[in-house]
Every structure is written in C-alpha cells, then in structure tokens.
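One structure is given below, encoded as structure tokens.
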Amino acid sequence: MLPTKGYAALTAKAPLTPFSFERRAVGPHDVLITITHCGVCHSDIHQARDEWGGSIFPMVPGHEIIGTVAQAGAEVTKFKAGDRAGVGCFVDSCRTCAACREGLEQYCEKGMLLTYSGRAADGSITQGGYSTQIVADEQYVLRIPESLSPAGAAPLLCAGITTYSPLRHWGVGKYHKLAVVGLGGLGHMAVKIARALGTEVTVLSTSESKRADAMRLGAHKFVVTSQPMALVRLQRHFDFILDTVSAPHDYNIYLNLLKTDGTMILVGVPDKPAPLEPFSLIMHRRRIAGSVIGGIRETQEMLDFCAEHNIESDVEVIPIHQVNEAYERVLKGDVRFRFVIDLASLK
Ligand code: NAP
Ligand code: ZN
Ligand code: ZN
C-alpha cells in the first residue's frame, strides 16, 4: 500500500482538511501518477456537500487530475515513467457491456467507477485528485499532449470533455447558432470548443461583469438574462442551447429561444428539479436532452483537439490550503474560470 496525503471532507457539511490515506500497490496494468495539478469542478462541491445524495465520506474530491507517471506496472504498454498523464471522472467500468465496448464507459450498464466517492468491486472507496498521487489502470488514464500546460490542461478532463462530447454528438458546427447558458468552468470551455468547431456562439449569463471575458474567449454575442427584452429578441433564434448552470433555474425561458426542431442539452446538475412547460417543447417540436462527461476514447480525442487548436482552460492556480475559500468563491461565481490546485503545496 502507498501512503498518500490529501485534503478530504470528513462529513457532508465539513470544510476540507488535511487527510492521510493509502493507495493500492501498483498492479501489472496500473500506473502510479505523481499529481501536479487538479482542477476544482462545481461537481466536487455538490458531492463534498452531498447535494445529490449517495456521497461516501471521508471524501478526497478531484477529477481533473494531471501529473507525471512515477511507475508503470509490468504489463503497461501506453505509459512509461516520466510521461505526463491525466485521470478524469472515472477510473474503471465493467468493460464488457455494449456501452463499454463502444467506448462509452460513462454510460456503462453496471455504472462507471467514479474517481472519488465510488465503491470498487473489492469494497474499497475511491479517492480523488486533491492528493499527492493516484494509482489507476492504464486503460482509464489519458495521454496529455506536451504543448498543453499542466494547469491549463487539468480542467479539460471534466469541463473540457463534458462540453466537447455533446457538441460532437449533436454535430454542432458551422452554420449552427449555439447559446451557452452560464459562463463558469464548463461554459467557458464550451465557448472555446464551439468556436473552434466554427459555430456562432452566444453566451447567456446572469453576470454583466463577464461580458468582456466572454468576447475575449471567442463568443460572438453576450446577453444578460436578467434583461427580459434581450431574451424576447432571441425567440426561435438558436439551433442548440448548452445549459451549464449549477443552480435551479427556469428551463422554459431558454427552450423558447430554440428554433423549430432545436435541441437544449443539459449538462449542469442543479440539486433540485425544475418544472417543464409542455408547450415550450410542443409548439416547435423542440427537444431537451442531457449528457454526462465522455468516454476514454473521446476524452483522448478532445485532448488532442485542444492541443491542435491551442485550447486550454483559463485558470487561477491556488495552493491546497485555499481550497475551502475557492469553494466559496465558485459558489459566488467569483472565478475566471477554473481554480486549479498546485499539489506541490501539499508535499
Ligand atoms: P461553475 O464554474 O460554478 O459555473 C456555473 C455557472 O452557472 C456560473 O458561473 C454562473 O454563470 C451560472 N449560475 C450559477 N448560479 C446560477 C443561478 N442561480 N442562475 C443562473 N445561472 C447561474 O460550475 P461548473 O464547474 O461549470 O459546473 C456547472 C454544472 O455542471 C454543475 O452543476 C456541475 O455539477 C455540472 N457538471 C456536469 C457534468 C456532466 O457530465 N454533465 C460534468 C461536470 C460538471 P453566469 O455568471 O454566467 O450566469
Ligand atoms: Zn467535474
Ligand atoms: Zn460496462
């Protein structure tokens, strides 16, 4: 077993505190990664506070993990010591169901094994990337292109793939008008990726203060949703809407901005359900859909796409002892656009 240092929530309402635990010994198919950076996703906050139910404590959050391979098991073929490597939101799946065989491990029939707050087949609890090192099967580990900075690449492993996957699945591209609702960690990646796909991008935001940033990130238009007339002008304007909002909100006002046959894709996961007005869908044959992260093959494709298009996350790097403060700032929308923990601060 490998003694490891991290930061954990010991219970649902507790702040994160220093925590020592053990990683499994490196098996023949495993790599041991010394973690250099880990992004702070809003899902970490939802789960550390048990807002979705089912959280397992003590919990070391973190699923946007970048580091260097310290050791590769005897049978490992993809990695050698010294390589850069990444781990995203899951570290295993059944590997045999139709979804796994298609490379859609996130939709595994038996459920993916989450990077943290997951229970492995042997009963052990998984722990995430707010820690010094991680052991994972090489099949669930990503190659990180050298041209990407480690801090700027970390958020790609969740925020990047969560926005890339639905844009690709629904074929969003040139000739489409896309609205991105919420300009946070996911939203700012959606803007960059959609721009690289040639899409016309409008940001719908509650924060006037993000206007200049939205344009710098590549948005064509920025609309503050608290101005009702602005939304009236956008009725039946968009082919797609990608909703990244983390808090409960009214879906119907956005559905009415879709053209006939338009699709609104939910990726944000508020902790409470919201009412759906059937007429918002019926009158223009609209669709509402959802998407969760992406499979390993598609995550690798996204990393290579980002390297090719010089896309990284805009990050604010913090030492780990500032993580509780960072959580409060994410909840206030005070982050441009992702906190990333420098794990050198934990040594
Ligand atoms: P984030 O950085 O906090 O961004 C969320 C954005 O939502 C905020 O920046 C804000 O943008 C907007 N917002 C917040 N509260 C709002 C409210 N009450 N009304 C309207 N807009 C509000 O969070 P994130 O890390 O991007 O994650 C976003 C959501 O996606 C979370 O629920 C997270 O759990 C979920 N998620 C889902 C997946 C998946 O696979 N589906 C993966 C990762 C994360 P403006 O200031 O621009 O309004
Ligand atoms: Zn995430
Ligand atoms: Zn499976």
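Everything numeric in this text was worked out from a predicted model, so none of it was measured. In this chain, residues are counted from 1 in sequence order. One-based numbering, in listed order, for ligands and for the atoms of each.
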Quick one: does [X] get an N or O within less than 3.5 Å of an N or O on ligand 1?
X: Gly185; value: yes
X: Thr206; value: yes
X: Ile293; value: yes
X: Leu183; value: yes

Under 4.0 angstrom from ligand 1, any heavy atom of [X]?
X: Gly333; answer: no
X: Trp52; answer: yes
X: Cys158; answer: yes
X: Gln106; answer: no

Between the candidates Gly184, Gly39, Ser205, which shows the shortest non-hydrogen contact distance to atom 6 (C) of ligand 1?
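Residue with the shortest heavy-atom distance to the ligand atom: Gly184.
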Report whether any nitrogen, oxygen or sulfur of Cys41 sits less than 2.8 Å from the Zn ion (ligand 2) (N, O or S, backbone or side chain).
yes
Restricting to N/O/S atoms, is Cys158 within less than 2.8 Å of the Zn ion (ligand 2) or not?
yes
Donor-acceptor pairs under 3.5 angstrom involving side-chain atoms of residues 339-347: please list them, not counting sequence neighbours.
| unit_1 | atom_1 | unit_2 | atom_2 | d |
| --- | --- | --- | --- | --- |
| Asp342 | OD1 | Ala344 | N | 2.9 |
| Ser345 | OG | Ile320 | N | 2.9 |
| Ser345 | OG | Asp342 | O | 2.5 |

To check your reading of the model: name the closest protein heavy atom to atom 18 (N) of ligand 1, its residue, and the distance in Å.
Ala247 CB, 3.4 Å
Can you tell me the protein heavy atom closest to atom 24 (P) of ligand 1 and the distance?
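Protein heavy atom at minimum distance: His42 CB, 3.6 Å.
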Does the side chain of Phe19 reach to within under 4.5 Å of the side chain of Val60, using non-hydrogen atoms?
yes
Do Phe238 and Leu178 have side chains that get closer than 4.5 Å, going by heavy atoms?
no
Record the part of His46 in heavy-atom contact with ligand 1 below 4.0 Å; permitted values are side chain, backbone, both and neither.
side chain
Enumerate the residue pairs fulfilling ring pair (Phe, Tyr, Trp, His ring centres under 6.0 Å) with a member in residues 170-197, sequence neighbours excluded, ordered by first and then second residue.
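Qualifying pairs: His176-Phe240, His188-Phe337.
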